[in-house]
Amino acid sequence: DQQVKQNSPSLSVQEGRISILNCDYTNSMFDYFLWYKKYPAEGPTFLISISSIKDKNEDGRFTVFLNKSAKHLSLHIVPSQPGDSAVYFCAASETGNQFYFGTGTSLTVIP
Amino acid sequence: DAGVIQSPRHEVTEMGQEVTLRCKPISGHDYLFWYRQTMMRGLELLIYFNNNVPIDDSGMPEDRFSAKMPNASFSTLKIQPSEPRDSAVYFCASSQQGLRYIYGYTFGSGTRLTVV
């Protein structure tokens, strides 16, 4: 069973607007969360992380929000750029264990 | 550093044949992971090693799959015999203890396997 779920397989956003990618998890013991970005024919690359002691982490145009009570995290990209078009994976882990990945959301930023 | 290096990039083989995928992790990384990407299950962990020792192989789908890490700089994933349902992109990733929760894993470019 998927412990990490990304229920939106795809998302289209106009350039300059905000992109919001969502991720839900089932294991309340997860305490580290990552977002990866993947371009075609390349491996996923690390984007941003957050630990469960925080509810927000920001890095430039990228912000990750964590809602532990809802077991939900989201990635906000503001402003969205065409180069952000990629597949985004969220991942979650309990300390000492492996990361579980979601199925990915394909983001298309329309110029 | 050249990053995580996987070979081959593409592999097309006939059903029943043996397939070997190769991975060279980043020097100094003590964890190595093999993942399979499919549309239905996303990135699925097959097996991972710590200091060349297999730690968790519960994700290996069947006995047809095996993985080895004979030394810190090389790992193989073997499928014998291969079947069409094994067609997927296989990723190798490595990480360093203590940093993996902050910076995650470094992935290779993957091997696209097609079994006909």
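Chain letters run A, B, ... following the sequence lines, proteins first, then strands; residues in each count from 1.
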Peer 1: Give me the ring orientation class for A/Y25 and A/F33: parallel if the planes are under 30° apart, tilted from 30 to 60°, perpendicular past 60°.
Peer 2: tilted
Peer 1: Which one wins on heavy-atom pair count under 4.5 Å against chain B: A/P44, A/S49, A/G104?
Peer 2: A/P44
Peer 1: For the residue pair B/S94 / B/T106, report whether a side-chain donor-acceptor contact shorter than 3.5 Å exists.
Peer 2: no
Peer 1: Can any side-chain N or O of A/H72 pair as donor or acceptor with the backbone N or O of A/L66 at less than 3.5 Å?
Peer 2: no
Peer 1: Assert yes or no for the condition that the ring centre distance of A/H76 to A/F65 is strictly below 6.0 Å.
Peer 2: yes
Peer 1: Side chain from CB out, backbone as N, CA, C, O: work out which of these in A/Q2 comes under 4.5 Å of a heavy atom of chain B, or both, or neither.
Peer 2: side chain
Peer 1: So what's closer than 4.5 Å to chain A heavy atoms on B/Y35: side chain, backbone, both or neither?
Peer 2: side chain
Peer 1: Less than 4.5 Å to any heavy atom of chain B: does that hold for the side chain of A/F89, its backbone, both, or neither?
Peer 2: side chain
Peer 1: Which bit of A/Y100 is near chain B, if near means a heavy-atom gap under 4.5 Å: side chain, backbone, both or neither?
Peer 2: neither
Peer 1: Decide if the gap between the ring center of A/Y36 and the ring center of A/Y88 is smaller than 6.0 angstrom.
Peer 2: no
Peer 1: Given that the side chain runs from C-beta out, which part of B/Q37 has a heavy atom under 4.5 Å from chain A: side chain, backbone, both or neither?
Peer 2: side chain
Peer 1: Which region of B/R112, side chain (C-beta onward) or backbone (N, CA, C, O), has a non-hydrogen atom less than 4.5 Å from a non-hydrogen atom of chain A, or is it both or neither?
Peer 2: neither
Peer 1: If we define contacts as heavy-atom pairs under 4.5 Å, which of B/A93, B/C92, B/S109 has the most with chain A?
Peer 2: B/S109
Peer 1: Sort A/A41 into side chain, backbone, both or neither according to what part of it lies under 4.5 angstrom from a heavy atom of chain B.
Peer 2: both
Peer 1: Looking at A/A92 and A/F30, what are the two nearest heavy atoms and their distance?
Peer 2: CB-CD1, 3.5 Å
Peer 1: B/F33 pairs by ring pair (Phe, Tyr, Trp, His ring centres under 6.0 Å) with which of B/F107, B/Y105, B/F91?
Peer 2: B/Y105
Peer 1: Can you say whether A/F101 sits under 4.5 Å from chain B via the side chain, the backbone, both, or neither, judging by heavy atoms?
Peer 2: both
